[in-house]
Amino acid sequence: MRLTLYQRDDCHLCDLALAELAQARVPDFDSAFVDDDAQLDARYGERVPVLHDAETGRELDWPFDAAAIARFLAR
């Protein structure tokens with residue numbers, strides 16, 4: 001699984017999402033900031049934070065918690 005967390009700088013919800021990922025013990029994921037990328041901003045805009053699985057294209061939109069992350073990863 002290749003996970004990316006799409007987020008913004010200075011985003012309180014993104015900070016909460018990072019805490020949930022830590023609580024779910026997600027071992028490895030990339031972070032992509034949409035602020036300086038017009039294409040990512042157009043795609044994700046106000047949806048951030050979004051956890052994206054590059055292998056399947058599935059996405060988990062905020063709000064999510066550690067349990068939701070575990071279910072997402074188990075699929």
Side-chain angles (χ1 to χ4, degrees):
M1 208 175 256
R2 290 186 352 232
L3 299 173
T4 301
L5 180 67
Y6 289 99
Q7 58 184 313
R8 291 188 179 281
D9 288 324
D10 300 317
C11 169
H12 175 68
L13 297 178
C14 300
D15 294 339
L16 293 174
L18 288 167
E20 293 297 334
L21 287 164
Q23 185 175 349
R25 300 181 190 267
V26 176
D28 188 31
F29 64 92
D30 293 319
S31 290
F33 292 86
V34 304
D35 300 295
D36 297 325
D37 186 315
Q39 186 176 3
L40 289 178
D41 191 37
R43 180 174 179 178
Y44 293 103
E46 298 299 317
R47 288 178 52 206
V48 294
V50 176
L51 186 61
H52 175 83
D53 178 357
E55 291 178 9
T56 64
R58 292 182 312 118
E59 294 182 331
L60 181 62
D61 287 7
W62 186 260
F64 51 77
D65 59 12
I69 294 167
R71 287 190 301 274
F72 179 78
L73 298 177
R75 294 184 195 158

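From a predicted model like this one, the values you see are computed outputs, not experimental measurements.
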Mind checking what makes side-chain hydrogen bond (donor to acceptor under 3.5 Å, both in side chains) contact with R47, not counting sequence neighbours?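 If we apply the side-chain hydrogen bond (donor to acceptor under 3.5 Å, both in side chains) test to R47, skipping adjacent residues, the hits are E59, D61.
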Indicate yes or no for a side-chain donor-acceptor contact from R43 to the backbone of A38 under 3.5 Å, with no hydrogens or angles considered.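 Such a contact is absent between R43 side chain and A38 backbone.
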Yes or no on side chain to side chain contact (heavy atoms under 4.5 Å, CB included) for L21 and F29, after CA distance, side-chain angles and deciding distance? CA-CA 9 Å; L21 287 164; F29 64 92; 3.8 Å; yes
Hey, what do you get for [atom1] ([X]) to [atom2] ([Y]), rounding to the nearest 0.5 Å?
X	Y	atom1	atom2	result
R75	D53	CZ	CG	11.5 Å
F64	L51	CZ	CG	5.5 Å
I69	Q23	CD1	CD	8.5 Å

Taking all non-hydrogen atoms of both residues, which atom of A32 and which atom of T4 are closest, and how far apart?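 So the two residues come closest at CB-CG2, 3.8 Å.
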Check A17 against P49 and note the closest heavy-atom contact, atom names and distance.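 Closest approach of A17 to P49, heavy atoms only: CB-CG, 3.6 Å.
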Transitive ILVMFWY cluster of V48, excluding itself - 4.5 Å side-chain cut-off: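 Members alongside V48: Y6, V34, L40, Y44, V50.
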Got [X] and [Y] here, is their nearest side-chain heavy-atom distance under 4.5 Å?
X	Y	value
D41	R8	yes
Q7	L18	yes
L3	D28	no

Take a 6.0 Å sphere around CG of D9 and say whether it holds more than 12 heavy atoms from other residues, nucleotides or ligands.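 Yes, the 6.0 Å shell around CG holds more than 12 heavy atoms from other groups.
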Considering residues, nucleotides and ligands other than E55, do more than 12 of their heavy atoms fall under 6.0 Å from its CD?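 Yes, because the 6.0 Å sphere around CD of E55 holds more than 12 heavy atoms from other groups.
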When you group the ILVMFWY residues by side-chain heavy-atom contacts below 4.5 Å and let the links chain together, are F33 and L5 in the same group?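 No, L5 does not connect to F33 through the hydrophobic network.
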Of all residues at least two apart in sequence or in a different chain, which pass the side-chain contact (heavy atoms from CB on, under 4.5 Å) check with L16?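 Testing L16 for side-chain contact (heavy atoms from CB on, under 4.5 Å), a comparison that skips the adjacent residues, returns H12, L13, W62.
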